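Report on the following structure.
Just so it is clear, the structure is predicted and the values come from calculations on it, not from any experiment.
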Amino acid sequence: MEKSCTLLVHFDKGTPALANEINEALQGSEIEYKIDAMKKAIMLLLNGETIPNLFITIIRFVLTSEDHTMQKLLLLYLEIIEKTDSKGKILPEMILICQNLRNNLQHPNEYIRGVTLRFLCRLNEPEIVEPLIPSILQNLEHRHPYVRRNAVLAVMFVYRLPGGDQMLVDAPEIIEKFLTSEQDNSSKHNAFLMLFTCAQDRAVNYLFTHIDKIIDWGEQLQMVVLELIKKVCRTNKGEKGKYIKIIISLLNAPSSAVIYECAGTLVSLSSAPTAVRAAASTYCQLLLSQSDNNVKLIVLDRLNELKASHREIMVELVMDVLRALSSPNVDIQKKTLDIVLDLINHRNVDEVVLMLKKEVVKTQSGEHEKNGEYRQMLVQAIHTCAIKFPEVASTVVHLLMDFLGDSNVGSAIDVAVFVREIIETNPKLRVSIITRLLDTFYQIRASRVCACALWIIGEYCLSLSEVEGGISTIKQCLGDLPFFTASEDVEGQDTQKTAQPVNSTTVSSRRPVVLADGTYATQSAVLETALSPPTLVHGSASIGNLRSLILSGDFFLGAVVACTLTKLVLRLEEVQTLKTEVNKASTQVLLIFVSMLQLGQSSALPQPMDNDSHERIVLCIRLLCNTGDEARKIWLQSCRESFVKMLADKQRRETEELKAMAQISNAQPDDLIDFYHLKSRKGMSQLELEDEVQDDLKRATGEFTNDGDDANKLNRIIQLTGFSDPVYAEAYVTVHHYDIVLDVTVINRTKETLQNLCLELATMGDLKLVERPQNYTLAPESSKQIKANIKVSSTETGVIFGNIVYETSSNVHDRMVIVLNDIHIDIMDYISPAYCADVAFRTMWAEFEWENKVAVNTVIQSEKEFLDHIIKSTNMKCLTPLSALEGECGFLASNLYAKSVFGEDALVNVSIEKQTDGKLSGYIRIRSKTQGIALSLGDKITLKQKGAA
């Protein structure tokens, strides 16, 4: 069994320190060199080195030193050295130590006395401590509080030693008298802690004797009182009531730490609505009064836990929780909104939405740099409220539409998506939304927001005035035609051959984009900024938003404009009785389409129009020239029907998730029936579960498992050496979030004693060995359990390798080496399925810089079966709705998402196609912010994709 360690000091293994140098420095007269030598000696001893004859040198040259630093280092040295022999008896030279300690306890300097008393709390040998008891008790009456508080601790630790209650029989009585007369808060804290630990009845008696003064006790003492109450209530449930009164009185304490602990203790002791309401109110008070963001996040976690078990009470305090939005920290704001959105009902939704509207207006001030991100969260929250409670949609939709032109593209897209969903689910608001959208369309500057707004205009402009207004608005934003003239095209070519204008900048980029179905397309973009670009007709200084975007090379938006105008013209044919007006509008729209095609073929732009956009615009031209009833039905009805199906599918998935969460029982039916002697683990209260933390830790680390887990444990055993090797080793690997524990079993299969056996490990990747390996002696045919801890810092497939080195009794000079098999740490242990919104997925996909492209190579012939196999192999969640994966079309595209324990995002896009011979082809693309997760996940997919699971 490994010896306990009471001292941890950082040690740089690269600093050599020889025993002779240390001895020479300690024997010198220079105090600085002696201090440095003592520090080196302590670090070497802590790391398993042995320095012969050091003890005698220290007795001769250090023990008598009057320097305080030397005395402190001397005590640290005495703390770590062996004080007993192999049989457990005290070494004779410890008598010298006892005499020195007695002198220190009677030293005129209070610092020497205090640090010596603290040192006695680290001694586990009663033979050394017993002669010092009179001196310890004398220090209880010392004039300085520093000495008194450490003397109390020394009394407590001596009393808890084996046989200590015989050496200090009247210690509880002495400490109780001391507590009654003591004025120093720290000393009173230590004294009460001693009674709490060693004489609980006396502590309870003192508590109720001075219960009227408890509010004036110091913070430390009040915290110990709360610990005492927890301990007493575990064993004596019948007296909970009077202790709860004490806790409620402490809720008015001046210390925030005490208030926080009171609230937690109150919830753990009682589930009565009054107690829970008092605890929740306390948490809300701390949420507003504390300036530390970490404290606020912790308090929000506690409120989230209360929400799960006491939702009705938390609903009453929803506005108090919402006040935490005043914090400028985005994480606090996000966590607050998550809690509040789960507590909304018909009674408080109006207040919550009103508060959110005020916060949205505040973000327009531009005081904080993260206002755009915060506004995006608020828009999403209002969106959720409006979907759950349609009656509030009318009060927020017009306010949010002012942000369609927001500089934060994410926020503007959220508003557009919100408007698109509200206009379908709330038909009463359709006319007012369309009117407002047409009035503010010119303010939109982002291409994706324009595309969404154009779709809304094309689908929901139904009356004659709305259709005409839609066509007129789009034409104004496109500006005069043509987009350029032939002479300007020639001039543009000449300009490109010679030089660029001074006040214009042209940047060409060609990058892949993900379409709505998850497939790839190539988008060409020309970013041109100029005060008066040469391609603008009439040199207009005021350019419409659609015109500027199309002139910058965004022909995908041009195709969306074409589709929208086509829908509006087809609908105009239905609502306009005058054929001449319809023909006029149709001709103007066709002229716009032709101008776009002409612009796309112009050499004035560095990149021509892509084929997809060209074909889409040509299709619109053909449709307007020759419209059939079937085509009209597809364009005017089927698009909206598909959108309605998408909304219904989304609502169905959300309902299924809520049902699945509702089926997870937070409380069993028999939880309230408390038979103490027949209690099972499931019926335990929180305080009783705290008593069984040791078992929970063992279960978490795999030291013992439930029935049926033995096979799982056996699967985690890795053989490190061969059966014919003189030393057999195998490792049981337990992977936690931030560290890996290797439990290595080493068996000596020879008839010889193996000396200085050492398990030497090394790591590759973002793994780091925590402990330095120790040397062991292994008897013939015996075994040894060796534990090794390895720290993990990122989600990357790491490798642990090493060897076993030992000496035999027959050949001491040659060290034998056995090379171990490598241990590969699987990335699957660190990532778990997670969900993110489609917009968030696309944003991350565009931002992340690492991509790994894996070609599909499998014997599976079903697209759906292959996707299920990839999901199972990678431990990821499929974001693509099941309805979008139904049917057999020979092609499948899907997005997968997972999150690591370190907060890293893993994005995967699967695009596969069935060939004529029945085989699957395509690519699996992985994107992440870090290289490790992209490479490791790619390796995992390459390894697993060939066959069935």
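- A donor-acceptor pair is defined here as one N or O able to donate and one able to accept, closer than 3.5 Å; no such pair exists between the side chain of Asp170 and the backbone of Glu173.
- Counting heavy-atom neighbours within 6.0 Å of Arg118 CZ, excluding the residue itself, gives a total of 12 or less.
- Within 6.0 Å of CD in Gln785 there are more than 12 heavy atoms belonging to other residues, nucleotides or ligands.
- Between Ser65 and Gln71, the side chains place no donor N or O within less than 3.5 Å of an acceptor N or O (distance only, hydrogens not considered).
- The structure places CD1 of Ile97 at 4.0 Å from CD1 of Ile59, a figure rounded to the nearest 0.5 Å.
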Is there a side chain to side chain contact (heavy atoms under 4.5 Å, CB included) between Asp743 and Ile786? Walk through the geometry before answering. CA-CA 6 Å; Asp743 194 350; Ile786 302 174; over 6 Å; no
Let's go through Glu141 and Arg148 carefully: what are the C-alpha distance in whole Å and the side-chain angles of both, what is the deciding distance for salt bridge (charged side-chain N to carboxylate O under 4.0 Å, His left out) to 0.1 Å, and is it a yes or a no? CA-CA 7 Å; Glu141 300 174 1; Arg148 294 199 302 273; over 6 Å; no
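- Taking CZ of Arg102 as the reference point, atom CG of Leu105 lies at 9.0 Å (rounded to 0.5 Å).
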Give the intermediate values and the outcome of salt bridge (charged side-chain N to carboxylate O under 4.0 Å, His left out) for residues Glu176 and Arg202. CA-CA 7 Å; Glu176 188 174 12; Arg202 291 180 182 269; 2.4 Å; yes
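- Smallest separation of non-hydrogen atoms from Ile215 and Ser249: CD1-O, 3.5 Å.
- By the 4.5 Å heavy-atom criterion applied to side chains, Val152 and Ile175 are counted as neighbours.
- In this structure, Glu24 and Tyr33 have side chains that are not in contact, with every pair of non-hydrogen atoms separated by 4.5 Å or more.
- Taking the ring centroids of Tyr243 and Phe208, they lie under the 6.0 Å cut-off.
- Thr209 has its side chain out of reach of Leu207: every pair of non-hydrogen atoms, C-beta onward, lies at least 4.5 Å apart.
- Inter-residue side-chain proximity for Tyr77 and Leu45 is flagged as met; some heavy-atom pair is nearer than 4.5 Å.
- A donor-acceptor pair is defined here as one N or O able to donate and one able to accept, closer than 3.5 Å; such a pair exists between the side chain of Asn748 and the backbone of Ala779.
- Between Cys98 and Leu132, the shortest heavy-atom distance links the atoms O-CD2, 3.7 Å.
- Partners of Ser270 by side-chain hydrogen bond (donor to acceptor under 3.5 Å, both in side chains), not counting sequence neighbours: none found.
- Scanning both residues, Thr265 and Ser268, for their nearest heavy atoms gives O-OG, 2.8 Å.
- For the pair His210 (side chain) and Tyr206 (backbone), a donor-acceptor distance under 3.5 Å is present.
- Between Glu807 and Arg815 a salt bridge is recorded (basic side-chain N to carboxylate O distance below 4.0 Å).
- Rounding to the nearest 0.5 angstrom, the gap separating the CD atom in Glu227 from the CD1 atom in Ile229 is 10.0 Å.
- Checked by atom type, the side-chain pair Arg113/Asn104 shows no donor-acceptor distance below 3.5 Å.
- The 12-atom threshold is exceeded at CD of Gln106, counting heavy atoms of other residues, nucleotides or ligands nearer than 6.0 Å.
- Note that the CG atom of Leu76 and the NZ atom of Lys39 stand 10.5 Å from one another [nearest 0.5 Å].
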Output, in order, the C-alpha distance, side-chain angles, deciding distance and verdict of side chain to side chain contact (heavy atoms under 4.5 Å, CB included) for Leu228 and Leu195. CA-CA 10 Å; Leu228 172 67; Leu195 294 180; over 6 Å; no
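- The closest side-chain heavy-atom distance from Ser255 to Tyr260 is not below 4.5 Å.
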Is there a side chain to side chain contact (heavy atoms under 4.5 Å, CB included) between Met156 and Leu193? Walk through the geometry before answering. CA-CA 9 Å; Met156 179 174 72; Leu193 181 64; 4.2 Å; yes
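- Side-chain polar atoms of Asn23 and Thr57 form a donor-acceptor pair below 3.5 angstrom.
- Heavy atoms only, all atoms of each residue included: Leu757 and Leu754 are closest at CD1-CD1, 3.9 Å.
- Within 6.0 Å of the NZ atom in Lys231, the count of heavy atoms belonging to other residues, nucleotides or ligands exceeds 12.
- What you find for Ala729 and Val744 is that their closest heavy atoms are CB-CG1, 4.4 Å.
- Between the side chain of Asn190 and the main chain of Arg149, a donor-acceptor pair closer than 3.5 Å is present.
- Taking CD1 of Ile804 as the start and CG of Leu778 as the end, the distance is 9.5 Å to the nearest 0.5 Å.
- Lys34 forms no cation-pi arrangement with Phe61, by the criterion of a distance under 6.0 Å to the ring centre and an angle within 45° of the ring axis.
- Judged purely by atom type and a 3.5 angstrom limit, Gln222 uses its side chain to pair as donor or acceptor with the backbone of Trp217.
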Evaluate the criterion salt bridge (charged side-chain N to carboxylate O under 4.0 Å, His left out) for residue pair Lys230 and Glu261; output intermediate values, then yes/no. CA-CA 11 Å; Lys230 285 183 182 180; Glu261 197 63 32; 3.2 Å; yes
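- Under a 3.5 Å cut-off, the side chain of Asn139 and the backbone N or O of His142 do not form any donor-acceptor pair.
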Is there a side chain to side chain contact (heavy atoms under 4.5 Å, CB included) between Val805 and Asn756 once you walk through the steps? CA-CA 8 Å; Val805 182; Asn756 293 327; over 6 Å; no
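- Residues Tyr776 and Tyr806 fail the side-chain proximity criterion, which asks for heavy atoms closer than 4.5 Å.
- Rounding to the nearest 0.5 Å places CD of Glu125 at 9.5 Å from CG of Leu91.
- In this pair, His144 and Tyr146 present their aromatic rings perpendicular. The plane angle is above 60°, beyond the 30 to 60° band.
- For the pair Leu287 and Val295, the minimum side-chain heavy-atom distance is 4.5 Å or more.
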Test Lys40 against Asp36 for salt bridge (charged side-chain N to carboxylate O under 4.0 Å, His left out), laying out the working first. CA-CA 6 Å; Lys40 288 180 179 179; Asp36 187 55; 3.6 Å; yes
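- Leu120 places none of its side-chain heavy atoms less than 4.5 Å from the side chain of Val158.
- When all heavy atoms of Phe119 and Glu79 are compared, the closest pair comes out as CE1-N, 3.7 Å.
- Shown are Leu101, Asn124, Leu161; of these, the side chain to side chain contact (heavy atoms under 4.5 Å, CB included) with Val129 is made only by Leu161.
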